[in-house]
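What follows is a set of notes on a single structure, which appears directly below.
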Amino acid sequence: MGFARMPTNSESLQQAVLQQVNAIPRGSVSSYGRIASAIGYPSHSRFVGTVLKALPANTQIPWHRVVNSQGKSSFPLGSPAYQEQKQRLEVEGVPMLNGKIDKGFMV
DNA sequence: GTAATGACCAGGC
DNA sequence: AGCCTGGCCATTA
């Protein structure tokens, strides 16, 4: 008898992560840890990063709305990904200074 | 199979 | 504010 896949496999977790990221409202920001907690796996903050890293360059998922718990971008200052994130956030009204956004924008 | 890696986090200093 | 440490856990080598 084929065991139905348990809901703890990484595919469902990945879907859950993407769903959460997708749910972040425009002009707001969340964190890796918050996403992890939201899907019921508070110790999987690193996994959230793993999922976002695997996204294709042309994705519609708003990965730019995810920063770390300190409100800082995970990318090195000045790197292409950093510039992209900063620009996208500022278009939405979330200023980024020195790689950091105001925590008041965090959901 | 083991070892290293990383878009993390909380706490300590 | 910064830097370090230990813990975390899927992915990758």
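Side chains are part of it too, since the values below use all heavy atoms of this structure and drop only hydrogens, waters and symmetry mates. Nothing here was measured: the structure is a model prediction, and the numbers come from that model.
The side chain of A/Ser74 approaches B/dC8 more closely than any other nucleotide in the set B/dG6, B/dC8, B/dA10.
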Check against side chain to side chain contact (heavy atoms under 4.5 Å, CB included), A/Trp63 and A/Gln85: CA-CA 8 Å; A/Trp63 55 267; A/Gln85 183 170 36; 3.9 Å; yes
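The closest donor-acceptor contact from the side chain of A/Asn68 to the backbone of A/Gly71 lies under 3.5 Å. Using a distance-only test at 3.5 Å, with no hydrogens or angles considered, a donor-acceptor pair links the side chain of A/Ser79 to the main chain of A/Pro76.
Between A/Gly27 and A/Arg65, the shortest heavy-atom contact is N-NE, 4.5 Å. Residues A/Leu13 and A/His44 approach most closely at CD1-CD2, 4.3 Å, considering heavy atoms. Of all the heavy atoms in A/Gln14 and A/Phe47, the pair that sits closest is N-CE2, 4.0 Å.
C/dC8 and B/dG6 have their C1' atoms separated by 12 Å, with the value rounded to a whole Å. On the C1' atoms, C/dA13 is 13 Å away from B/dG1, given to the nearest whole Å.
Applying the side-chain contact (heavy atoms from CB on, under 4.5 Å) test between A/Ser73 and each of A/His64, A/Met96, A/Lys86 identifies A/Met96 as the sole match.
Atom CG of A/Leu52 is separated from atom P of B/dG6 by 16 Å (rounded to the nearest Å).
Within residues 14-40 of chain A, the residues having any heavy atom under 4.0 Å from DNA chain B are, by residue number, A/Ser31, A/Tyr32, A/Gly33.
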Nucleotide-resolved protein contact map, nucleotides 1-13 of chain C, B/S/- at heavy-atom distance under 4.0 Å: S-----BBSSS--
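A donor-acceptor pair shorter than 3.5 Å cannot be found between the side chains of A/Tyr82 and A/Ser74.
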